[in-house]
Amino acid sequence: MAFLVSVRRWILALVLLYICLFWNNFGKGDDNVPETQAGAGFGGAGAGTGGAGFGDPSQIVAKALLCFNDKYIYQSCEESCRLNENGNLNVPTEKTDEFCEGPCLSETNLVLSCLDNIFSNFIFYNRATIQDVKETIEAGCGYGPERGNFNVAEHIQAEESKALKVTSHVLMGLALIILGHALLH
């Protein structure tokens with residue numbers, strides 16, 4: 001009986017060691033897979049819950065891309081500071097006040113609303129969603145440490161790494177609780 005308990009503890013200790021050594025690879029399964037998405041605009045089956053409903057995916061994407069070139073939406077904002085199809089906002093730090101307090105902010109929000117109304121699951125070329133861009137604008141125009149940073153890709157990576165850290169800590173804690181319980185009984 002004592003030998004059985006000892007073997008059981010050794011096995012659990014080795015499993016715990018394995019988890020600790022290889023934990024850094026958790027959640028990185030798709031990082032080395034080449035991108036297969038050829039175009040921008042939709043990250044799904046082609047039917048959104050926005051105003052477009054069911055239809056030809058190419059027509060939906062074409063309508064969504066027109067939001068970027070609509071002369072009635074972008075009237076006053078400098079072209080260099082506009083949101084583009086790539087999902088980039090190239091607002092220099094020195095133009096933060098001009099962007100956030102001028103027409104660019106409201107016109108960019110109109111573009112995002114236009115996209116959302118046509119296809120609510122719109123995904124930019126950089127894999128950002130409409131919500132990602134809105135959050136980046138909110139942070140870039142806020143008065144916190146991210147003011148002036150309109151880099152959507154950095155914002156997405158920061159959010160993903162925060163989510164991965166939280167997930168890994170929760171799962172590691174759960175694994176330790178289960179292993180601790182097994183070791184004590």
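Along the sequence shown, residues are numbered consecutively beginning with 1.
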**Q** Could you list the residues that satisfy salt bridge (Lys or Arg N to Asp or Glu O under 4.0 Å) with E78, not counting sequence neighbours?
**A** K95
**Q** Please name the pair of heavy atoms, one in V91 and one in C81, separated by the smallest distance, quoted to 0.1 Å.
**A** CG2-O, 3.9 Å
**Q** Side-chain atoms of residues 96-104: list all donor-acceptor pairs with protein atoms under 3.5 Å, sequence neighbours left out, distances to 0.1 Å.
**A**
residue	atom	partner	partner atom	Å
T96	OG1	T93	O	2.8
D97	OD1	R147	NH2	2.4

**Q** Report the distance from atom CG of D132 to atom CG of N126, rounding to the nearest 0.5 Å.
**A** 8.5 Å
**Q** What's the spacing between E146 CD and N151 CG if we round to 0.5 Å?
**A** 10.5 Å
**Q** Is the shortest side-chain heavy-atom distance between F124 and N88 below 4.5 Å?
**A** no
**Q** Could you pull out all residues at least two apart from N149 that satisfy side-chain hydrogen bond (donor to acceptor under 3.5 Å, both in side chains)?
**A** E154
**Q** Identify, with sequence neighbours excluded, every residue that meets disulfide (SG to SG under 2.5 Å) alongside C67.
**A** C114
**Q** Holding to side-chain hydrogen bond (donor to acceptor under 3.5 Å, both in side chains), I want the full list of residues that pass it with T136, two or more places apart in sequence or in another chain.
**A** none
**Q** Can you name the residues that form a side-chain hydrogen bond (donor to acceptor under 3.5 Å, both in side chains) with K63, not counting sequence neighbours?
**A** none
**Q** How long is the straight-line distance from CZ of F122 back to CG of L112, given to the nearest 0.5 Å?
**A** 9.5 Å
**Q** Rounded to the nearest 0.5 Å, what's the gap from CG on N84 to CG on N90? Could you check?
**A** 6.0 Å
**Q** Is the shortest heavy-atom distance from the side chain of L83 to the side chain of Y74 under 4.5 Å?
**A** yes
**Q** Would the distance check show the side chain of E85 and the main-chain N or O of F68 forming a donor-acceptor pair, the cut-off being under 3.5 Å?
**A** no
**Q** At what distance, to the nearest 0.5 angstrom, does CD1 of I73 lie from OG of S113?
**A** 8.5 Å
**Q** Which atoms form the tightest heavy-atom contact between G87 and V152, and what is the distance?
**A** O-CG2, 3.1 Å
**Q** Starting at CD1 of I118, measure out to CG of L66 and round the result to the nearest 0.5 Å.
**A** 7.5 Å
**Q** Tell me if a side-chain donor or acceptor on N86 pairs with a main-chain N or O of Y125 at a distance below 3.5 Å.
**A** no
**Q** Taking only residues two or more places apart in sequence, or in another chain, which ones meet E94 in a side chain to side chain contact (heavy atoms under 4.5 Å, CB included)?
**A** P92
**Q** R82 side chain to L89 main-chain N or O, any donor-acceptor pair under 3.5 Å?
**A** no
**Q** Please identify each residue that fulfils side chain to side chain contact (heavy atoms under 4.5 Å, CB included) with Q131, with sequence neighbours left out.
**A** T129, K134, E135
